[in-house]
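Scroll down for the structure; my scribbles are underneath it.
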Amino acid sequence: MTVTSEPAPQPRTSTPATQHRTRFFDHRIPSLYAGRYRIDNHQTLKDLDGADRVIDATPQPFDVVQPRFSFDATGINAQFPVPDAVGTYSQTLAHINLDAPGLPWARLLGEGQPGAVPWMALLLFREDELPDDPDAVGLVATGSVRELLEGAHGPGAVPVIDPDSMRPDEYDEQCATVLVPNAVFDAVKPLPSEMGYLAHLREGGRPDATRAGDTPEPDEGELNAVLVANRFPAAAGGRHVVHMVSLEGHDRYLTTPAPADGVRLVSLASWSFTTEPDSGIGFGDLAQHLATTDGTTPRGADELRLRVPAPGPADASAERDEAVSRMQTGAVALPQRLETGERTFAFYRGPLTAQPAQALPAAAATRLDSPGEALIYLQRYGVFDTAYAAAFTTGRTLALADAEFRSALLEFRSAARTAARRLASHPELAARATATLTARQLTAPLAYEAFDRLLTEGDARSGGARLVQALDQAGPQLRAGRRRAAARARRSPGDVRAVLAQSGVASLLTQAAPDDFAKVTAWLDALRRLELLSLSHLVPDPRALPAESIRFAYLDAGWVRAAIDGALSVGVGHTLDADLNTLAANGGPVPKCAVLINSSLVANWPKAVITGYKGSGVVEPVREAVFGTQIRLALFPELIDRVELAEPPRGLCFGIGDVGTIELRAIDGDRIGHPLGEFPQPAGFARFLRPGGLDVLNVDGTGDALLPALSRAHGLEGSRRISSAQFALQMINAPQAQTFSRP
């Protein structure tokens, strides 16, 4: 038995509350094999004179019934590759997962065969290998078991089955068979000594047993039998068909040549898939190229920054040093025409920088009202840095192009202006701003509000509502000659801008037009996440992000704030509008760093996982986006220490990695399943394939076999071998991952 943690892809995008546990077991040998049995018993009566009398009871026959010539497809838990799948599978060994955990060992393969050897196997065939199925789509011959044993299914040696082991009803069962030519069968057939290593039990369950010395009994409800093929799909691509076959009655052909007319095998289950041509460059190769220059030498930190390469000039001068210094931060030199008509150049960069952006001067930290205010003039060199001015113009252009945002912004400011002016004109309202004042009282017409108060306010003891009281008292007051007092003089409005400084007023003004305000803030938050910017804004020069590269960058919060100021500058008519913009500008945080990948890995593995880490904690990206087909962006809310790029999550499968190795894993101790390094060294799995060029795994045959090599790698010598469960653990093809650390 082997215990291991589920080989989930690393990194994870989140840490699950409960991790899954997977355990592997070698086999399940039954106490009674499938077959026909008879119970014989007798009684012995002792006579007083010493003569015994034996009474024989009627024999009691019984059968242990298990699938033999056919199999219900509902008993299949999983298949890999999945039926009709299309992908690159040339490094993967097909497998099938069965709900019945003991089925592969339910009967003996043949006379004298050990119980640990299953009677069934998983065989993979390519196009034009099976005469009755040249397209490898799963065509089979069908008929009764009687017809099979009589040779009526077609040519090929039929299984030799002991008639005494057959139940009468088995002859009439329907079964599917496939003819395998002798040359193909001899090339792909597993040896009996190998079959036990191509089958095992798998248990998935609670993570309450991860140590070899602390393992509960298997959970019967979580046990499955797994059969693994011994052959890789063709690297050239094409259609393949997988058959789960019965080798009962054919065991003699597993160690001797097959007959000339081939072998007719019972196919218990089958499925087909298509593998695409393998270019020889997989996920691991591409990820390794992103991280290294030659497969082993890590790329330098400077090479991984988002900037155009700018080597220092041979004849250094102050001007050239300044240019190189700015380009090393991620800026590029672009042509510029001044208002006077002169042509020169200016430095530009987007929100992503190769180095942390310099803090802006205190005077520039206030609100920007125009792009001219954001221009940085390098007086000593006579050129401009246009980064923040371009950001302001970009935000303004984006806002003008979005009619919904523009309308929402103007509507919000109009409603907020009305509310602010009312507070300035009615100090008694401002005094209630943080208590009972509502947004409706700031926006509804005052006449309506006054009439509502006449209807609702008043003292029930003195007659009810004020309007009712006034009407009741109007007649007597007129007859008595009373007149209404003169209206008080209208107060002049106070300082509207001063109202905004009062505690609680700002939050109340945002509710003057809540729906419009929500649209404005959502749009600005999207701008903070760079969702509204094109790739040319982020990477102004393609040389900063060449093909098959990964680059890391900081985010300049000042650039983003300038873009927001530009967006909010739309429709500003006076200072109050500009003040109201501050209510909308205080949105979510700006991301801190970014990862950009330009690689065919993006197109071929669109679900690859990018995970950031800070210390030991996972940092979830706040945004991921793909530009075109080859470029992927990930933004993180914190400055991360490292990032991991991993293959997409997938089910447990078996095979080898891109560079021709497997991950050696611990088979004992408290860390069963943990990686121990790449195997073999030097890389190259071709040494463990049978001769003939058909990509059949030499598990335990003659020559350089995989099983003894793996056993030696784990320190087992002589006849000592790893078990079938431990073999399965070594052959797990977990998703590959590449780590990049921040220097």
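Owing to the predicted nature of the structure, the values given are computational and were not obtained by experimental measurement. Keep in mind that the numbers below use all heavy atoms, side chains included, and drop hydrogens, waters and symmetry copies.
For the ring-ring contact (aromatic ring centres under 6.0 Å, His included) criterion with Phe273, the lone passing option out of Phe125, Tyr89, Phe80 is Tyr89. Under the side-chain hydrogen bond (donor to acceptor under 3.5 Å, both in side chains) test applied with His714, the options Gln726, Gln730, Arg720 reduce to a single match, Gln730.
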Under the criterion side-chain contact (heavy atoms from CB on, under 4.5 Å), I'd like the reasoning laid out for Glu678 against Leu664: C-alpha separation, chi angles, the key distance, then a yes or no.
CA-CA 6 Å; Glu678 299 292 322; Leu664 208 64; over 6 Å; no

Run the salt bridge (charged side-chain N to carboxylate O under 4.0 Å, His left out) test on Asp641 and Lys614 for me, step by step, so that the C-alpha distance in whole Å, both residues' side-chain angles and the decisive distance to 0.1 Å come before the verdict.
CA-CA 5 Å; Asp641 298 325; Lys614 186 172 184 178; over 6 Å; no

Audit row: Glu203, Arg28, salt bridge (charged side-chain N to carboxylate O under 4.0 Å, His left out) steps and yes/no:
CA-CA 12 Å; Glu203 179 213 29; Arg28 169 165 285 194; over 6 Å; no

Start with the C-alpha distance between Glu717 and Arg712, add both sets of side-chain angles, then the distance that settles salt bridge (charged side-chain N to carboxylate O under 4.0 Å, His left out), and finish with yes or no.
CA-CA 6 Å; Glu717 301 293 341; Arg712 289 192 298 271; 5.8 Å; no

Applying side-chain contact (heavy atoms from CB on, under 4.5 Å), run through Val178 and Leu130 and close with a yes or a no.
CA-CA 8 Å; Val178 59; Leu130 300 179; 3.7 Å; yes

Stepwise side-chain contact (heavy atoms from CB on, under 4.5 Å) test for Glu624 and Ile610:
CA-CA 9 Å; Glu624 292 192 65; Ile610 298 178; 4.2 Å; yes

Start with the C-alpha distance between Asp695 and Arg690, add both sets of side-chain angles, then the distance that settles salt bridge (charged side-chain N to carboxylate O under 4.0 Å, His left out), and finish with yes or no.
CA-CA 7 Å; Asp695 300 315; Arg690 293 180 185 176; over 6 Å; no

Go through Leu601 and Phe283 one step at a time and tell me if the side-chain contact (heavy atoms from CB on, under 4.5 Å) criterion holds.
CA-CA 7 Å; Leu601 180 149; Phe283 183 93; 3.7 Å; yes

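Here the side chain of Glu276 pairs no donor or acceptor atom with the backbone of Thr88 at under 3.5 angstrom. The closest donor-acceptor contact from the side chain of Asn698 to the backbone of Thr702 lies under 3.5 Å. In this structure, the side chain of Asp135 does not engage the main chain of Val137 through any donor-acceptor pair within 3.5 Å. Formation of a donor-acceptor pair under 3.5 Å by the Trp119 side chain with backbone atoms of Gly249 is not found in this model. Judged by distance alone, with hydrogens and angles left aside, the side-chain atoms of Asp186 form no donor-acceptor pair with the main-chain N or O of Pro257 at under 3.5 Å. Looking at Asp294, its side chain does come within 3.5 Å of a backbone N or O of Thr297 through a donor-acceptor pair. With hydrogens and angles ignored, the 3.5 Å screen pairs no side-chain donor or acceptor of Asp700 with any backbone N or O of Glu194. Side-chain atoms of Trp105 come within 3.5 Å of backbone atoms of Ala116 as a donor-acceptor pair (strictly under, hydrogens ignored). A donor-acceptor pair is defined here as one N or O able to donate and one able to accept, closer than 3.5 Å; such a pair exists between the side chain of Asp133 and the backbone of Gly138. With hydrogens and angles disregarded, no donor-acceptor distance shorter than 3.5 Å links the side chain of Arg671 to the backbone of Asp668.
His250 is listed as a side-chain neighbour of Val263, based on a closest heavy-atom distance under 4.5 Å. Looking at Ile161 and Val145, their side chains never come closer than 4.5 Å, going by heavy atoms from C-beta outward. By the 4.5 Å heavy-atom criterion applied to side chains, Leu716 and Ile722 are counted as neighbours. Annotation: side chain of Val64 is not in contact with side chain of Arg36 (no heavy-atom distance under 4.5 Å). Using a 4.5 Å heavy-atom cutoff, the side chains of Phe727 and Leu707 are in contact. Counting only heavy atoms from C-beta outward, the side chains of Gln738 and Glu644 never approach each other to under 4.5 Å. The side-chain heavy atoms of Leu268 and Phe69, taken from C-beta on, include no pair separated by under 4.5 Å. No side-chain heavy atom of Thr92 sits less than 4.5 Å from a side-chain heavy atom of Phe654.
The distance between the ring centers of His27 and Tyr197 does not fall below 6.0 angstrom.
Using a 30° and 60° split on the angle between ring planes, Phe679 and Phe688 fall in the parallel class, below 30°.
Side chains of Arg239 and Thr274: a donor on one and an acceptor on the other come within 3.5 Å. Side-chain contact, Asn598 with Ser549: no donor N or O sits under 3.5 Å from an acceptor N or O. Looking at Glu548 and Ser600, their side chains do bring a donor and an acceptor atom within 3.5 Å of each other. In this model, no donor atom of one side chain and acceptor atom of the other lie less than 3.5 Å apart for Ser724 and His200. Between Thr293 and Arg299, the side chains place no donor N or O within less than 3.5 Å of an acceptor N or O (distance only, hydrogens not considered).
Contact record, Ile656 with Asn733: O-ND2, 3.3 Å, taken as the closest heavy-atom pair. Closest non-hydrogen pair, Ala269 versus Ile76, comes out as CB-CD1, 4.0 Å. Taking both residues in full, the closest heavy atoms of Arg107 and Tyr33 are given as CA-CD2, 3.7 Å, listed atom of the first, atom of the second, then distance. Ile662 and Gly655 make their closest contact through CG2-O, 3.5 Å (heavy atoms, listed as atom of the first residue, atom of the second, distance). Shortest non-hydrogen contact noted between Pro680 and Gly660 is CD-O, 3.9 Å. The shortest non-hydrogen separation linking Leu123 to Pro190 is CD2-CD, 3.9 Å.
Taken from CD in Glu303 to CD1 in Ile550, the straight-line distance is 12.0 Å, to the nearest 0.5 Å. Put simply, CD on Gln288 and CG on Leu645 are 12.5 Å apart, with the number rounded to the nearest 0.5 Å. Of the inter-residue distances, the one linking Thr611 atom OG1 with Phe636 atom CZ reads 7.0 Å to the nearest 0.5 angstrom. Taken from CE in Met244 to CG in Leu265, the straight-line distance is 13.0 Å, to the nearest 0.5 Å. Interatomic distance, CG of Asn230 versus CG of Leu697, reported as 7.0 Å (0.5 Å rounding). Rounded to the nearest 0.5 angstrom, Ser165 OG and Tyr37 OH are separated by 10.5 Å.
For the pair Arg202 and Phe24, the cation-pi criterion (under 6.0 Å, within 45° of the ring axis) is not fulfilled.
Comment: Glu129 engages Arg231 in a salt bridge, judged by a side-chain N to carboxylate O separation of less than 4.0 angstrom. With respect to the salt-bridge test (charged N to carboxylate O, under 4.0 angstrom), the residues Arg68 and Glu248 qualify.
Around the CD atom of Glu111, the shell of radius 6.0 Å holds no more than 12 heavy atoms that belong to other residues, nucleotides or ligands.
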